[in-house]
Undergrad: 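I have a structure I would like to understand better, so I am pasting it below and will then ask my questions one at a time.
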Amino acid sequence: MANAKTVAAPPPSGPGASSRQGHPWLTLLAVSLGVMMVMLDGTVVAIANPVIGAELKASLEDLQWVTSGYLLALAVFLITAGKLGDLFGHKRVFVIGIAGFALTSLAIGLSDSIGMLIAFRVLQGLFGALLQPAALALLRAAFPAEKLNMAIGIWGATIGLSSAAGPIVGGLLVENVNWQSVFFINVPVGIVALAVGMLVIKESRADSLSRVDWLGVVLLSGAMFCLIWAIIKAPEYGWGDVKTLAFLTGAVVIGGAFVWWQGRVSEPLIPLSLFRNLSVSVGTLLMVLMAFSMFGAMFFLTFYFQGVHNLSPLEAGIRMLPMSAGMIVASPLAGAAISKFGPKLPIAAGMLITAVAMFLLSRLGIEDGYVASAVPFVLLAFGLSPVMVGATEIIVGNAPEELSGVAGGMQQSAMQVGGSLGTAVLGAIVAAKVSDVLPGYWSAAGLAQLPAEQMKLVEQGANFAEAGAAPGTPEPVVQAITRVVNSSFLDGMHLAFQISTGVAVLAALLALVVKAGRKTEGAPIHMG
C-alpha cells in the first residue's frame, strides 16, 4: 500500500469539481439523518418495551428479541453491506437502506402481534446495516482531506447524540403519544434524508471490483451470528453452559474457515492484506475496547437512576443530557484536533479522560445528586469523541479507497461487537459480585434468612437495583431490603466501572502505535 497523509482521496480540481463530488455539507446532512435513525432506534425502544409488552401481551423473552433481533441483524450484516456499497455504489446502497428503514419502521408501528413486530425489527436491522458503512464511504468521497476529520466529527456527534437522546425521545413519545410513535417518527426523518440524498449525493464505487464473494458472505455472517448470539444469550445460559460454548466454538470454527477462504478467493470479501497495516488492526481493536468500556458500563446507569434513585425513564434520560450536550461540542473539536495533530495523541488522551470519567462513576453512591454524575458525563463526551472520530479515521483512512465500504463496515461491526461483549461480560461480573456480597449485607441488616429459592429471586432483582418485597411487608423491613439491594447493586456497578477504567487505560496505550489515515493507491473511485 502506498501511503499519504489523509483519509480522503484528493479533491477534484478545476471547473465542475464541486458537481462531481456532490455538495459535501449537504451530503453530511443526508448521511447524518440516516445514521441518526439507526442509532436512535437502538436505544429509544427500551423505553417503549414495557408498553409494547402490555399491549401485545409479550413475554420478557419476546421483549428481549425486540432489541436483540435488531442488533443481531445489524451486527451480522454490516461488513457485507459495506462490500455491496463498494461494488454497486455507496449512494445506491445508502438510498435503499434509508427507504427500507423508513418502511420497516412504519410496518413495526402497524404491527398487531409481537411476532410480526420482531420480524420487522430484524428486517429493520438489515436495512440499518446498509446505511452506516455507506455513510462513511460517502463522506470520504465527498470531502477534501483538510475537512474530512471535521465532517467525521460532526457525524460522530450525531451518533453520540442520537444514542444518548434515545431514552429522552422515547420517554416523551411513549408518555404523550403512544409506543407506535417511537417507530413512526422515522418515516418523516427518512423522507427528508431520502430527498436530500437523492438530490445532493454523487455516486461513488470501486471500478476494479466485479463480484461479491458470496461464500465469504455466508461464512462471515455465520461466524458473526454465532459470536453475537453467544454474547447476547450468555447472561441467560451462563458463560460455562454448553450452549454458550457451542456457539462460541462455532464462531471460531466458521471464522477460521472464513479466514482460510479469504486467502484463496480472487476477490475476497475482506482482503487479509488489510490487516497487515498495523493501524487498521489496532484501530479495529480500539473500537471494540471503546465500545466495551462505554456501552458495557453505561448499561448499568439506567438501573442506577431508575432503581437506586427511583427516577422515571424520562428523568433518567435527562440525567444523561450533559453527555449528549458534550458530544455536540466535543466531536467537531475532536475532528479538528485530529486534523491538526493526527489521531495518536487525541485518541490516547481521549481514552485517559474516559478512564478518569469511569473512575469517577465507580465512586457514585446512593445519596449522590445531579453534579456527581454530570461531571463524569461531560468528561466522557470529551474522552470518547476523539476515539470515535480517530478510530474511524485510522480504519477507513488506512484502507485502500476501493475498500472504504468494507472498512466502514468493519468499524461499525467492531463497535457492535464491543458493545454487546461489554454488556454481557460486565453484566455477568455485576451478577457475580451481587451474589457474593448480598448475603453479607442481608445478615448485617438483621433480616430474617429466606429459603434458597426466594434468596435467588432477591439476588436477581438486585442485579437491576430492583428491591421487591412481598405485599404486607412492614415498611421498616421494606426499607432495609431496599438498602441491602441498593448496596449490593452499587458494589457490582462499581466493579464494572473499575474494569472499564482499566480497559480505557489499555486502549490509551494501544493508541500510541497507530498512524494517521492515508490515501492508498489502488482502483480509482468512479464518481457518477
Side-chain angles (χ1 to χ4, degrees), residues 39 42-44 46-47 157 159-172 290-331 350-388 419 422-423 426-427 429-430 433-434 462-467 482-483 485-505:
M39 300 308 296
T43 56
V44 74
I47 303 299
I159 291 178
L161 178 61
S162 303
S163 299
I168 300 173
V169 173
L172 287 171
M290 184 277 293
F292 180 101
S293 183
M294 175 185 175
F295 293 108
M298 298 298 288
F299 175 75
F300 301 103
L301 286 173
T302 303
F303 302 121
Y304 171 74
F305 289 134
Q306 295 186 42
V308 177
H309 285 276
N310 294 314
L311 300 180
S312 70
L314 179 57
E315 290 170 334
I318 292 172
R319 279 288 189 100
M320 301 179 79
L321 271 177
M323 187 169 71
S324 306
M327 282 282 192
I328 297 174
V329 176
S331 291
M351 288 311 306
L352 289 177
I353 294 171
T354 299
V356 172
M358 292 294 180
F359 176 77
L360 292 176
L361 289 171
S362 75
R363 314 299 294 175
L364 287 177
I366 294 176
E367 306 298 332
D368 284 328
Y370 186 86
V371 174
S373 59
V375 171
F377 281 162
V378 172
L379 288 175
L380 274 178
F382 281 85
L384 293 171
S385 293
V387 184
M388 295 182 72
T423 302
L426 294 179
I429 289 171
V430 168
K433 184 66 175 179
V434 167
N463 292 336
F464 307 102
E466 294 178 357
T482 300
R483 285 194 300 272
V485 165
N486 287 344
S487 297
S488 301
F489 170 79
L490 283 175
D491 280 2
M493 187 184 80
H494 291 162
L495 179 58
F497 280 120
Q498 289 162 10
I499 292 172
S500 292
T501 301
V503 170
V505 172

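As the structure is a computational prediction, the values presented were derived from the model and not from experiment.
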Undergrad: Drop me the distance from Lys433's NZ to Leu426's CG, to the nearest 0.5 angstrom.
TA: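 Going from the NZ atom of Lys433 to the CG atom of Leu426 covers 14.0 Å.
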Undergrad: Okay, side chain of Ser362, backbone of Gln498: is any donor-acceptor separation there less than 3.5 Å?
TA: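 Between the backbone of Gln498 and the side chain of Ser362 there is no qualifying donor-acceptor contact (under 3.5 Å).
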Undergrad: For the residue pair Pro386 and Gly350, what are the closest heavy atoms and their distance?
TA: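 Between these two residues, the closest heavy atoms are CG-CA, 3.8 Å.
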Undergrad: Report yes or no: does Ser373 contribute a side-chain atom to a donor-acceptor pair with the main-chain N or O of Tyr370 at less than 3.5 Å?
TA: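 Such a contact is found between Ser373 side chain and Tyr370 backbone.
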Undergrad: To the nearest 0.5 Å, what is the distance between CZ on Phe377 and CG on Leu379?
TA: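 Separation between the atoms: 11.0 Å.
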Undergrad: Could you go through Leu364 and Val308, starting from their C-alpha distance and side-chain angles, then the distance that decides it, and tell me whether this counts as side chain to side chain contact (heavy atoms under 4.5 Å, CB included)?
TA: CA-CA 11 Å; Leu364 287 177; Val308 177; over 6 Å; no
Undergrad: Restricting to non-hydrogen atoms, name the atom on Val430 and the atom on Ala496 that form the minimum distance, rounded to 0.1 Å.
TA: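 For Val430 and Ala496, the tightest heavy-atom pair comes out as CG2-CB, 3.9 Å.
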Undergrad: Identify the two heavy atoms, one from Ala355 and one from Val505, that lie closest to each other, and give their separation to 0.1 Å.
TA: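 So the two residues come closest at CB-CG2, 3.8 Å.
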Undergrad: If you compare all heavy atoms of Pro376 against all heavy atoms of Val371, which two are closest, and at what distance to 0.1 Å?
TA: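 Nearest pair, atom of Pro376 first, then Val371: CD-O, 4.4 Å.
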Undergrad: Quick check for you: to the nearest 0.5 Å, what is the distance between Ile499 atom CD1 and Met358 atom CE?
TA: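 Reported to 0.5 Å precision, the distance equals 12.0 Å.
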Undergrad: Say you draw a straight line from CG of Asp368 to CG of Leu360; how long is it, rounded to the nearest 0.5 Å?
TA: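 Asp368 atom CG to Leu360 atom CG measures 10.5 Å (nearest 0.5 Å).
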Undergrad: Measure the CD1-NE2 distance between Ile366 and His309 for me, rounded to the nearest 0.5 Å.
TA: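 Taking CD1 in Ile366 and NE2 in His309, the distance rounds to 8.5 Å.
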Undergrad: Closest approach of Ala381 and Ala330, non-hydrogen atoms and distance?
TA: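 The answer is O-CB, 3.5 Å.
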Undergrad: Please report the closest heavy-atom contact between Ser293 and Val503, naming both atoms and the distance.
TA: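 Closest approach of Ser293 to Val503, heavy atoms only: CB-CG1, 4.3 Å.
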Undergrad: Calculate, to the nearest 0.5 Å, the distance between atoms CZ and CG belonging to Phe497 and Leu361 respectively.
TA: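 Result: 4.5 Å between the selected atoms.
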